[in-house]
Protein chains: 2
Amino acid sequence: MKEIEVISEIRKFNRSYVRSIGLLQKTFLDTNYSLTESQVIFLVKEQGKTTATAINKVLQLDEGYLSRIIKKLISDSLLIKEQSQTDKRCFEIMLSPKGIEEQRKMDKLSSESVRAIISHLSETEQQELAGSFQRIMALLYKENRHKTS
Amino acid sequence: MKEIEVISEIRKFNRSYVRSIGLLQKTFLDTNYSLTESQVIFLVKEQGKTTATAINKVLQLDEGYLSRIIKKLISDSLLIKEQSQTDKRCFEIMLSPKGIEEQRKMDKLSSESVRAIISHLSETEQQELAGSFQRIMALLYKENRHKTS
DNA sequence: GCTGTTTACTTGCTTTAATCAAGTATTTTT
DNA sequence: AAAAATACTTGATTAAAGCAAGTAAACAGC
């Protein structure tokens, strides 16, 4: 297989895969939140007590836009915000109990949607599938570590 | 590996992969068109002389929204539209010469962006990569043929 | 310890993306 | 020939995202 065929194969995968995992939908996973809002929630969960700036290192949204998303999530009582005592420019944000619950719910739904896709596969096939995904990640993200940071 | 670990592996892949192929960006590939507009262009290329309805069987957008996208692409001279003689409700749309050129340009850019990701891999690794992608597609889309349609 | 500069975040305004609902013209069904 | 369905359009609205200007605090240089 020539490089050009490899590329074509990958692009074929991209087209069908992205459609199948439903990442293009407006509301993510039938919760009331958009993909972007969900990403914020997941990142706060991941980073624990964090800040808008830290979140935006990952998501790279417009600052104003992110500020408003956080505001909305606070008014929905999913997030808590308090001014840092050591640096009063910063506001520490974290998940509220309700936010933790919501994040868990999303996490479950996301797992379920993946499960639905793989459930008809045999044990062995599932192993193969996971192996292939791992192999791809290993190949794609190898040797790029020094470039990425 | 248990099913739950398989799921977690796939979700890990989803997160990093979708980010890396830049499918979340506003303008696709640094052309002046959004992802949705690009999809329309690619579908017209794929389907040849086609209609809004046929395109929307795939994309499932709001009809009005699609109508406006087509309108814009026509005013940009990428698409040509003419009323069907056999069914005057329908309008046949196709790529103009300029549209063909634009589609080719996008196609090249898309290939280039994939090439950039795999170029540092050896011949053998590229084979492996393509093989893994193929294996995944085979597994995911097998036995679903009767459900899909 | 004042003076610019940078950092963290907010707010008002605008643009772009997407949806909703109603409407026209044509074809199909009965 | 009337009713229903199909193909598409248009006006109005909502939601997502971006731009620019602004506040407040921290930092850096002198």
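Reminder, nothing fancy here: chain letters follow the sequence lines and each chain counts from 1.
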Base, sugar-phosphate or nothing for Lys72(A)? Non-hydrogen atoms, less than 4.0 Å. nothing

- prompt: Would you say dC27(D) has OP1 or OP2 under 4.0 Å from some side-chain N or O of Lys88(A)?
  reply: no

In whole angstroms, the gap separating C1' of dA26(D) from CD of Gln83(A) amounts to 13 Å

Here the distance between atom P of dA16(D) and atom CG of Leu59(A), to the nearest Å, is 15 Å

Rounded to whole Å, CG of Asn56(A) lies from P of dA8(C) at a distance of 11 Å

Rounded to whole Å, the CD1-C1' distance (Ile55(A) to dC9(C)) equals 12 Å

Looking only at dT19(C), dA7(D), dG18(D), the nucleotide nearest the Asp62(B) side chain is dT19(C)

- prompt: Salt bridge or not for Glu112(A) and Arg115(A), using N-O below 4.0 Å?
  reply: yes

Taking for Gln85(B) and for Thr53(A) the nucleotide of DNA chain C with the nearest heavy atom, the one nearer the 5' end belongs to Thr53(A)

- Without hydrogens or angle criteria, can the side chains of Thr36(A) and Ser34(A) be said to hold a donor-acceptor pair below 3.5 Å? no

Query - Lys81(A) side chain near dT10(C) phosphate (N/O to OP1/OP2, under 4.0 Å) - result: yes

Picking from dT10(C), dC8(D), dA25(C), the nucleotide nearest the side-chain atoms of Ala52(B) would be dC8(D)

Out of dG11(D), dC8(D), dC9(C), minimum distance to the side chain of Phe91(A) belongs to dC9(C)

Testing dT19(C), dG12(C), dA8(C) for proximity to the side chain of Arg89(A), the answer is dA8(C)

Here the distance between atom C1' of dA7(D) and atom CD of Glu82(B), to the nearest Å, is 16 Å

*asked:* Whether Asp76(A) and Lys71(A) form a salt bridge (side-chain N of Lys/Arg under 4.0 Å from carboxylate O of Asp/Glu) is what I want to check.
replied: no

Sorted by position of nearest nucleotide on DNA chain D, 5' first, the leading residue of Gln60(A) and Thr86(A) is Gln60(A)

Here the distance between atom C1' of dA16(D) and atom OH of Tyr33(A), to the nearest Å, is 16 Å

Rounded to whole Å, the CG-P distance (Leu66(A) to dC19(D)) equals 15 Å

note: Glu92(B), atom CD; dA7(D), atom P; distance rounded to Å ~ 13 Å

Of the listed dA7(D), dG11(D), dT11(C), the closest approach to the Cys90(B) side chain comes from dA7(D)

To the nearest 0.5 Å, atom CD1 of Ile41(B) lies from atom CD of Gln103(B) at 8.5 Å

Practice prompt. Verify the contact: side-chain N or O of Lys71(A) to OP1 or OP2 of dT11(C), cut-off strictly under 4.0 Å; return yes or no.
Written response: yes

Assert: residue with more 5' nearest nucleotide on DNA chain D, out of Ile69(A) and Asp87(B), is Asp87(B)

* Donor-acceptor under 3.5 Å (Gln126(A) side chain, Ile118(A) main chain) -> yes

